[in-house]
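Written out below as structure tokens is the structure these notes cover.
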Amino acid sequence: MAYDILKAGNEVVAIKRKYSQEEDETRMRGRFYCNPDDKNLFVCRRAWGAWTMNMGNPWAWCAVGAIALAVCLAAYLLLWVLGV
């Protein structure tokens, strides 16, 4: 979740949520979650205790690209070994 940290000098005065619960739930559409203000890469979904990636985080796109590259490489190597 994204929080605003209010400081007075070097002291933290208050921490408040940037978004209300309703606004936060509208950002979670099905399996996809996109919130550039939320710096977490993985976010816990409200239903079933599952986790999803925050697609607003640039590192999520790197992870998706790495997974896609690994799948393509595995398929290529499998076809090469089978001689197809």
Side-chain angles (χ1 to χ4, degrees):
M1 305 227 184
Y3 295 96
D4 278 332
I5 299 174
L6 306 173
K7 293 185 177 183
N10 290 336
E11 270 185 56
V12 174
V13 176
I15 299 174
K16 67 175 194 163
R17 291 176 59 140
K18 279 190 177 183
Y19 308 105
S20 68
Q21 181 111 10
E22 293 80 25
E23 289 173 322
D24 194 32
E25 288 177 5
T26 58
R27 292 182 182 270
M28 183 78 70
R29 302 277 183 187
R31 294 185 182 264
F32 294 101
Y33 175 75
C34 183
N35 184 355
D37 294 332
D38 189 355
K39 299 302 178 197
N40 293 321
L41 180 58
F42 293 101
V43 182
C44 185
R45 297 179 66 202
R46 302 219 187 279
W48 305 300
W51 291 80
T52 188
M53 268 199 236
N54 177 12
M55 299 311 286
N57 188 329
W59 287 105
W61 291 103
C62 294
V64 168
I67 292 168
L69 183 64
V71 168
C72 290
L73 182 63
Y76 174 77
L77 289 175
L78 180 65
L79 291 174
W80 182 68
V81 168
L82 294 176
V84 175

What closest approach, in Å, do Asn57 and Lys39 show between heavy atoms, and which atom pair accounts for it?
-> ND2-O, 3.1 Å
Within one Ile-Leu-Val-Met-Phe-Trp-Tyr cluster: Trp80 and Val84, side-chain cutoff 4.5 Å | no
So do Tyr33 and Met53 actually touch side chain to side chain, heavy atoms under 4.5 Å?
-> no
Do Asn35 and Asn54 have side-chain heavy atoms sitting under 4.5 Å apart?
-> yes
In this structure, CG of Asn40 is separated from CG of Asp37 (nearest 0.5 Å) by 12.0 Å
Rounded to the nearest 0.5 angstrom, the CG-CG distance for Leu78 and Leu73 is 11.0 Å
